[in-house]
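Notes follow once the structure below has been shown.
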Amino acid sequence: MTTVRIPAGWPATEEEARAVQDELRARVVLDEPGPAPGSGHVTGVDVAYDDEHDVVAAAAVVLDAATLDVVAEATAVGRISFPYVPGLLAFREIPTVLAALDALPCPPGLVVCDGYGRAHPRRFGLASHLGVLTDLPTIGVAKNPFTFTYDAPATPRGSWTPLLAADEELGRALRTRDKVKPVFVSVGHRVTLENACAHTLALTPEYRLPETTRRADSLCREALKEAAL
DNA sequence: GCGACAG
DNA sequence: ATCTTGTCGC
């Protein structure tokens, strides 16, 4: 488990953070298909907090995309770098997530984030931000619709409907289990929406949430417990 | 002006 | 995100 410091020059105000998003947004790549679903590595990242002690723990778990077996994992802990503000989640998670990714012994392949990518007030959510900083292919799989609207997808797993902001399609509400609430998929960086959904389905043979985020979620919680920063 | 709002 | 046991249902 590695330890991280908040980077020098990290945004201190919401205004600064929004300016960073507006600045980096131009670097997002949307015209690459991304890795083929079901092959190579797929890495889940997630973060857990202890606001009481100002501690944050992140985990990165690499899976074999074909078997979903764990190939490698890493964790990092640090100080909370930003308050939770809807639309600015990335500033709270990214320093620790980057440290966890850096600590991996192998290439992450596609990175699956807990949250949004292009589906974001300024089209630059966590998954896009992480993608631009690492240049890795990234997608976002969120548990809630945030500010977006959608119609319920049909009952069977694999059904989907567009995720909309006004009339703009920014992602998909994708059903990963029959009759269960859908997840909300959006593109991060260097992956197509079509492929992002295919990856999400490949990662959900049994549960609503991708194996990547399930594994990363439990690992970062463990790391948080053992953190005595 | 008020309410809603990824994690 | 986090506080938290048992419990209804497939």
| note | Quick tally for nucleotides 3-10 of chain C: nucleotides whose base has a protein heavy atom under 4.0 Å get B, sugar-phosphate-only ones S, the rest -, giving --------
| remark: Stems field, DNA chain B, Watson-Crick or wobble, 3.5 Å, at least 3 pairs, by first number, holds none
| query | Along DNA chain B, 5' to 3', what are the outermost nucleotides having an atom less than 4.0 Å from a heavy atom of chain A? | reply | B:dC5 to B:dG7
| message | Can you pull out the residues from residues 134-143 of chain A that lie within a 4.0 Å heavy-atom distance of DNA chain C? | response | A:Lys143
| How would you list, by chain and number, every residue that makes a side chain to side chain contact (heavy atoms under 4.5 Å, CB included) with A:Ala76, sequence neighbours excluded? | A:Thr2, A:Val4, A:Thr96, A:Ala99, A:Ala100
| NA contact type, A:Leu88, heavy-atom cut-off 4.0 Å: base, sugar-phosphate, or nothing? | base
| query | Mind checking what makes salt bridge (Lys or Arg N to Asp or Glu O under 4.0 Å) contact with A:Asp102, not counting sequence neighbours? | reply | none
| task | Give DNA chain C the dot-bracket treatment, 5' to 3': Watson-Crick (N1-N3 with N6-O4 or O6-N4) or G-U (N1-O2, O6-N3) under 3.5 Å, [ ] crossing, | other strand. | result | ..........
| task | Give me the residues of residues 48-63 of chain A where at least one heavy atom lies under 4.0 Å from an atom of DNA chain C, by number, or none. | result | A:Ala48, A:Tyr49
| message | Counting C-beta onward and ignoring hydrogens, is there a side-chain heavy-atom pair between A:His120 and A:Arg25 closer than 4.5 Å? | response | no
| request: Please name all residues satisfying side chain to side chain donor-acceptor pair (under 3.5 Å) with A:Tyr49, sequence neighbours left out, ordered by chain then number. | output: A:Glu93
| field | Note, A:Cys113 side chain near A:Leu130 side chain (heavy atom, < 4.5 Å) | value | yes
| message | Checking A:Arg190 now: which residues fulfil salt bridge (Lys or Arg N to Asp or Glu O under 4.0 Å) with it, not counting sequence neighbours? | response | A:Glu32, A:Asp135
| Quick one: side chain to side chain donor-acceptor pair (under 3.5 Å) partners of A:Glu168, sequence neighbours excluded? | A:Arg123
| remark: With sequence neighbours left out, the residues meeting side chain to side chain donor-acceptor pair (under 3.5 Å) with A:Arg27 are none
